[in-house]
2 protein chains.
Amino acid sequence: MLDECKALSNETRLRILDWLKDPEANFACGDTAELGVCAGLIQLKAGTSASTVSAHLAVLQRAGFLRATRRGQWIYYRRDEARIRAFTETLHRSL
Amino acid sequence: MLDECKALSNETRLRILDWLKDPEANFACGDTAELGVCAGLIQLKAGTSASTVSAHLAVLQRAGFLRATRRGQWIYYRRDEARIRAFTETLHRSL
DNA sequence: TCGGTATTTCGCTTATTGCCGAAACTATCC
DNA sequence: GGATAGTTTCGGCAATAAGCGAAATACCGA
């Protein structure tokens, strides 16, 4: 609960989560349905350094909101809808 | 949304919100039904300095989760259930 | 008005977070 | 194997958050 809230306490991370709700619309790359979006594209859209965006992605992943898949030299990130829903429901129940 | 999440990103603040769900059970003082619990009792329970707990209460109030009422020399704090519910529902809808 | 209690504000120190560039790691292509 | 591209890790610096004690403010009762 604490870690999840901390993960959501940053503008850039909130935007990343939002962008990944519709990868096709927000990133100029097809074939994102299953895998998600690679880190480089997220970095471009966020407009920060690679290391910074990597740290953000790690925080979101540790909180359980994102899942990562390596495919060749790319690492693709996508939302974990089940975990996100579980969190919002837990919050609704216990806050 | 950001401010609300930041307000929840602290162990002590989460505990305060939880305690205030049942003031009678968590604080040794009757008559809390309408007004809530005064800052001093919250400070005692939290085990930190008065200034620290005052800052936490201010953060929770700014986020909309708490309402304060002055009664004489005491300031009573209680949850704003409507705002809390509104927040969790917004989060569920937009996250 | 004075003295006492409750709470907040101020000034300061320490801890955490956010950001960057450089270096390291991983995989591809030749 | 060597060069190249994508991503993460490391080391350091700036900004924000969290904590405290002392001082200021607010209210009450005598």
Side-chain angles (χ1 to χ4, degrees), chain A residues 1-20 23 27-32 35-63 65-78, chain B residues 1-17 19-20 23 27-32 35-78:
Chain A
M1 183 105 145
L2 229 189
D3 286 337
E4 286 95 334
C5 289
K6 283 186 182 177
L8 299 179
S9 297
N10 177 276
E11 185 70 46
T12 301
R13 287 196 292 267
L14 284 178
R15 278 195 303 224
I16 291 174
L17 279 177
D18 191 59
W19 293 335
L20 290 176
F27 301 92
C29 84
D31 196 23
T32 64
L35 284 174
V37 179
C38 68
L41 287 182
I42 299 173
Q43 182 210 332
L44 275 183
K45 185 118 179 163
T48 67
S49 73
S51 52
T52 296
V53 97
S54 174
H56 284 319
L57 292 170
V59 170
L60 289 170
Q61 198 179 355
R62 271 196 298 277
F65 297 141
L66 293 188
R67 297 181 63 84
T69 310
R70 164 149 248 152
R71 208 63 129 215
Q73 61 193 139
W74 293 280
I75 301 180
Y76 294 91
Y77 288 89
R78 66 187 185 284
Chain B
M1 183 108 147
L2 228 188
D3 286 337
E4 285 95 334
C5 289
K6 283 187 182 176
L8 299 178
S9 297
N10 178 276
E11 186 70 45
T12 301
R13 287 195 295 265
L14 284 178
R15 278 194 305 224
I16 292 174
L17 279 178
W19 294 333
L20 290 177
F27 300 92
C29 85
D31 196 24
T32 63
L35 284 175
V37 179
C38 69
L41 288 182
I42 299 174
Q43 182 210 332
L44 274 183
K45 185 121 182 161
T48 67
S49 72
S51 52
T52 296
V53 98
S54 174
H56 284 319
L57 292 171
V59 169
L60 288 170
Q61 199 179 357
R62 269 196 300 277
F65 297 140
L66 293 187
R67 297 181 63 84
T69 310
R70 164 149 248 152
R71 208 62 128 217
Q73 60 194 140
W74 295 279
I75 301 180
Y76 294 91
Y77 288 90
R78 65 187 185 284

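Side chains are part of it too, since the values below use all heavy atoms of this structure and drop only hydrogens, waters and symmetry mates. Protein chains get the first letters and strands the later ones, always in sequence-line order, with residue 1 at the start of each.
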Remember a base hit wins even if backbone is also touched, and classify Ala50(A) as base, sugar-phosphate or nothing at under 4.0 Å, heavy atoms. base
Within this structure, what is the [atom1]-[atom2] distance for the pair [X] and [Y], rounded to the nearest 0.5 Å?
| X | Y | atom1 | atom2 | answer |
| --- | --- | --- | --- | --- |
| Tyr77(A) | Thr69(A) | OH | OG1 | 9.5 Å |
| Glu4(B) | Ser9(B) | CD | OG | 11.0 Å |
| Thr48(B) | Ile42(B) | OG1 | CD1 | 10.5 Å |
| His56(B) | Arg15(B) | NE2 | CZ | 9.0 Å |

Quick check on DNA chain D: between Gln43(A) and His56(B), whose nearest nucleotide comes earlier from the 5' end? Gln43(A)
Quick check: on DNA chain D, is the nucleotide nearest Lys6(B) upstream (toward 5') of the one nearest Ala58(A), or the reverse? Name the residue that is more 5'. Ala58(A)
Quick one: does Leu8(A)'s side chain get under 4.5 Å of Leu8(B)'s, heavy atoms only? no
I want to check something: taking the side chain as every heavy atom from C-beta on, are Val59(A) and Phe65(A) in contact at a cut-off of under 4.5 Å? no
Is there a side-chain polar atom (N or O) of Asn10(A) under 4.0 Å from OP1 or OP2 of dG18(C)? yes
Contact under 4.0 Å: Thr48(A) side-chain N or O vs dC19(C) OP1/OP2: no
Outermost nucleotides of DNA chain D that come under 4.0 Å of a non-hydrogen atom of chain A: dA5(D) to dT9(D)
Toward the 5' end of DNA chain C, which comes first, Gln73(A) or Thr52(A), by nearest nucleotide? Thr52(A)
Using heavy-atom distances to pick each residue's nearest nucleotide on DNA chain C, tell me which of Ser9(A) and Arg71(A) is more 5'. Ser9(A)
From dG18(C), dA22(C), dA6(C), pick the nucleotide closest to the side chain of Arg13(A)? dG18(C)
Rounded to whole Å, how long is the line connecting atom CH2 of Trp74(A) with atom P of dA27(C)? 13 Å
Using whole Å, what does the distance between atom C1' of nucleotide dA6(C) and atom CD1 of Ile42(B) come to? 13 Å
